[in-house]
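Keep in mind that what you see is a predicted model, and the values were worked out from it rather than measured.
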Amino acid sequence: MPFPKDFLWGGATAANQCEGGWNEGGKGLAASDVQTAGSLTEPRYATYIDKDGNPGKVMVFQPLPEGAHRAVLPGYYYPYHEAIDFYHHYKEDIALFAEMGFKVLRMSIAWTRIYPNGVEETPNQAGLDFYRNVFLELKKYGIEPLVTIQHYDVPLYLEETFGGWKNRRLIELFDRYTETIFREYKGLVKYWLTFNEINVPLMIKDLIPGYPAENIRQDFQLLHHQYVASARAVKRAHEIDPENVVGCMIGGGPSTYPLTCDPKDVLLVQEKLQEGIYYTADVMAKGAYPYFAPKIWKKYGVNLDITPEDVVDLQQGTVDMITYSYYSTSCATTHPVTETAGGNLNMGPKNPYLTYNEWGWSLDPDGLRYSLNEYYARYHLPLMVVENGLGASDTLEADGTVHDPYRIAYVKAHVQAMEAAMADGVDLRGYTPWGCIDLVSASTGEMKKRYGFIYVDKNNDGTGTLKRYRKDSFYWYKKCIATNGEDLT
């Protein structure tokens, strides 16, 4: 089945991973601004000053010492401060996206550019102007923006003063932020996503050994506040402009397999998908918590603060589409495990039928087809795959070329999987591979782990010219888009 003529081919970025300009244009500090670089073997840290004025660091997602506050410290490299400097290179980068034939660019707005601390009564005009200029540049080339409203970019002031999304007050502050951007960019932005990979807090407990039980309970309340804020944003977007299309963005899909055909493995996978995926997607797409939610709350000792107004908001603010990230699949088992692998929220025993890259990610295009079918069967809403791609160590040759046949092979296989899913009857509207231009990795803080069709001369230590180079995959994806997915050679 061929791709529809209006299929939205494009790519995906995020403000904190590509923009830079961390202290320009009135921008405030975000939590990401105090995260150091890491690697496959070295964790990322958040830096802080303790109550006695002493500097320190803790691993990202770990709590700070009592009385400490996060801060930018001398002697550390913070990769998001400059990133790939999209803040100053956006015209050049958008011209390259247009050369590839992009129909859509997924990007995010940094909340801290609009409301630097999150609590201001009036927005920061320089931040509003920056994004307006970006959107106008996209419009010049006929590229639709697909805007993520919050992509791991909460103002640090809100984290430090109110405890972030654990505090219900953030709902009203998010109301102000979304009201501002929906009105400011009416007619320029049609497609919106409320929160990036909103379900991630439900997965952290499985990724961090010894994650405290109290933190798990707080994460459920935090998520409830985000679900309500998202629902209110959806409703507001439709009121301000009925043409707006608003989706949720789920981290991963129903893409965990039982390692064996033992029924206990099958039940374990069902439980994992209910907790990690459907708990969130059901609320956002159906407007209420699913039937299995009380079982989950009991398991973790959760007693949610839910008001009658929350219930109404969730019912009235269901999303128009489901979007999600898909990179790889994982397995789960109740049996002893001898070999594990994983990355980007997928951890578990190795699947003997799949191959893995150097970061431990499985290569499984069939899993994309499967997950598309599962999402569509459950929700009957339009779908977009808004993150997908292969992180790899690319080599810039002396003549300025980058040969990445491994990336071409990866994207080709996943394009074929999407085509097969549409032949199955899935309503798939768009595809935005992650990091269409090289950017800073969220998980490791590296530049070495490259996804882009465009190479950026930037190294893990922050050195480099920032010059852009077209990879072989740039020309391949350009041909793919030009032929609407027909010519994948």
Side-chain angles (χ1 to χ4, degrees), residues 16 28-35 46 48 50-51 58-71 110-112 115-120 148-178 194-208 210-233 248-251 275-276 279-280 283-284 289 293-294 296-311 313-314 317 345 442:
N16 58 345
L29 271 181
S32 55
D33 290 322
V34 297
Q35 292 179 6
Y48 65 83
D50 70 16
K51 62 182 180 181
V58 294
M59 288 174 56
V60 174
F61 295 126
Q62 296 289 357
L64 268 61
E66 187 175 350
H69 66 274
R70 280 170 283 192
W111 189 347
T112 50
Y115 289 97
N117 291 318
V119 295
E120 292 84 357
T148 311
I149 298 171
Q150 186 192 299
H151 194 125
Y152 302 147
D153 221 8
V154 180
L156 185 58
Y157 181 86
L158 299 184
E159 296 270 13
E160 301 273 313
T161 307
F162 301 110
W165 279 101
K166 295 191 290 287
N167 192 317
R168 179 175 284 274
R169 187 175 172 196
L170 262 72
I171 296 174
E172 72 177 72
L173 296 172
F174 194 74
D175 284 348
R176 181 186 299 164
Y177 167 45
T178 55
T194 51
F195 290 85
N196 179 67
E197 294 186 329
I198 187 171
N199 55 320
V200 164
L202 298 177
M203 300 181 176
I204 292 174
K205 66 185 184 308
D206 300 321
L207 301 176
I208 299 178
Y211 194 66
E214 179 57 29
N215 288 23
I216 295 174
R217 288 189 284 272
Q218 289 177 353
D219 287 344
F220 276 93
Q221 188 64 56
L222 169 159
L223 268 178
H224 174 73
H225 293 154
Q226 290 189 346
Y227 298 154
V228 173
S230 173
R232 290 168 64 88
C248 61
M249 198 294 200
I250 307 295
E275 276 190 27
Y279 177 90
T280 295
V283 174
M284 303 185 84
Y289 282 99
I296 296 173
W297 297 332
K298 182 178 180 181
K299 176 181 175 180
Y300 294 108
V302 173
N303 184 20
L304 281 188
D305 170 27
I306 305 177
T307 69
E309 292 78 16
D310 292 346
V311 174
D313 283 334
L314 293 176
L345 314 179

Novice: In the structure I gave you, are the side-chain heavy atoms of V34 and Y48 within less than 4.5 Å of one another anywhere?
Specialist: no
Novice: From Q150 CD over to S230 OG, what is the distance, rounded to the nearest 0.5 angstrom?
Specialist: 10.5 Å
Novice: Partners of F61 by ring-ring contact (aromatic ring centres under 6.0 Å, His included), sequence neighbours excluded?
Specialist: none
Novice: If you measure only the distance, is there a donor-acceptor pair under 3.5 Å linking the side chains of Y157 and T112?
Specialist: no
Novice: Can you name the residues that form a side-chain hydrogen bond (donor to acceptor under 3.5 Å, both in side chains) with D50, not counting sequence neighbours?
Specialist: N54
Novice: Identify the heavy atoms of E160 and A68 that sit nearest to each other, and give their distance.
Specialist: OE1-O, 4.3 Å
Novice: What residues form a salt bridge (charged side-chain N to carboxylate O under 4.0 Å, His left out) with D206, not counting sequence neighbours?
Specialist: none
Novice: If only atom types and distance count, is the side chain of E120 paired as donor or acceptor with the main-chain N or O of G118 below 3.5 Å?
Specialist: yes
Novice: Kindly give the heavy-atom pair with the smallest separation between V58 and Q62, and that separation in Å.
Specialist: CG2-O, 3.8 Å
Novice: Under the rule for ring-ring contact (aromatic ring centres under 6.0 Å, His included), what residues qualify as partners of F195, not counting sequence neighbours?
Specialist: W165, F174
Novice: Just jot down the salt bridge (charged side-chain N to carboxylate O under 4.0 Å, His left out) partners of R217, sequence neighbours excluded, or say none.
Specialist: E214
Novice: Are the side chains of I198 and M284 in touch, meaning some heavy atoms are under 4.5 Å apart?
Specialist: yes
Novice: How about Q218 and N215: do any of their side-chain heavy atoms sit closer than 4.5 Å?
Specialist: yes
Novice: Atom NE2 in H225, atom CD1 in I306: separation rounded to 0.5 Å?
Specialist: 9.5 Å
Novice: The criterion is salt bridge (charged side-chain N to carboxylate O under 4.0 Å, His left out); which residues satisfy it with K299, sequence neighbours excluded?
Specialist: E271, E275
Novice: Quick one: are D33 and L156 in side-chain contact, heavy atoms under 4.5 Å?
Specialist: no
Novice: Tell me every residue that passes side-chain hydrogen bond (donor to acceptor under 3.5 Å, both in side chains) with Q35, counting only those two or more places apart in sequence or in another chain.
Specialist: none
Novice: Please name all residues satisfying side-chain hydrogen bond (donor to acceptor under 3.5 Å, both in side chains) with H224, sequence neighbours left out, ordered by chain then number.
Specialist: Y289, D310
Novice: Suppose we screen for salt bridge (charged side-chain N to carboxylate O under 4.0 Å, His left out). Which residues come up paired with E66, at least two apart in sequence or across chains?
Specialist: none
Novice: Name the residue from L158, T178, I149 that meets the side-chain contact (heavy atoms from CB on, under 4.5 Å) definition with W111.
Specialist: L158
Novice: Not counting sequence neighbours, which residues clear ring-ring contact (aromatic ring centres under 6.0 Å, His included) with F162? List them please.
Specialist: none
Novice: To the nearest 0.5 angstrom, please state how far the CG atom of L222 sits from the CG atom of L202.
Specialist: 9.5 Å
Novice: Check for a donor-acceptor pair, side chain of N117 on one end and backbone N or O of V119 on the other, with a separation under 3.5 Å.
Specialist: no
Novice: Take a 6.0 Å sphere around CG of N303 and say whether it holds more than 12 heavy atoms from other residues, nucleotides or ligands.
Specialist: no
Novice: Looking only at non-hydrogen atoms, find the nearest pair between N199 and G251 and report the distance.
Specialist: OD1-N, 2.6 Å
Novice: Are V302 and I296 side-chain neighbours, meaning at least one heavy-atom pair lies under 4.5 Å?
Specialist: no
Novice: Can you tell me how far NE2 of H151 sits from CG of N16, rounded to the nearest 0.5 angstrom?
Specialist: 6.0 Å
Novice: Taking C-beta and beyond as the side chain, do R168 and T307 meet within less than 4.5 Å on heavy atoms?
Specialist: yes
Novice: Could you go step by step and tell me if E197 and M203 meet the side chain to side chain contact (heavy atoms under 4.5 Å, CB included) rule?
Specialist: CA-CA 11 Å; E197 294 186 329; M203 300 181 176; over 6 Å; no
Novice: Can you find a side-chain donor-acceptor pair between D219 and Y211 that sits under 3.5 Å?
Specialist: yes
Novice: Once salt bridge (Lys or Arg N to Asp or Glu O under 4.0 Å) is applied, what residue pairs with a partner in residues 220-232 remain, sequence neighbours excluded?
Specialist: D175-R232, R232-D313
Novice: Could you list the residues that satisfy side-chain hydrogen bond (donor to acceptor under 3.5 Å, both in side chains) with Y279, not counting sequence neighbours?
Specialist: W297
Novice: Any idea which heavy atoms bring D153 and S32 closest together, and the distance?
Specialist: OD1-OG, 3.5 Å
Novice: Could you walk me through whether L173 and R176 satisfy the side chain to side chain contact (heavy atoms under 4.5 Å, CB included) test, starting with their C-alpha distance in whole Å, then the side-chain angles of each, then the deciding distance to 0.1 Å, before giving a yes or no?
Specialist: CA-CA 5 Å; L173 296 172; R176 181 186 299 164; 4.2 Å; yes
Novice: Please round to the nearest 0.5 Å and tell me the distance separating atom CG of L170 and atom OH of Y177.
Specialist: 12.5 Å
Novice: Between atom NZ of K166 and atom CD of E159, what is the distance when rounded to the nearest 0.5 Å?
Specialist: 7.0 Å
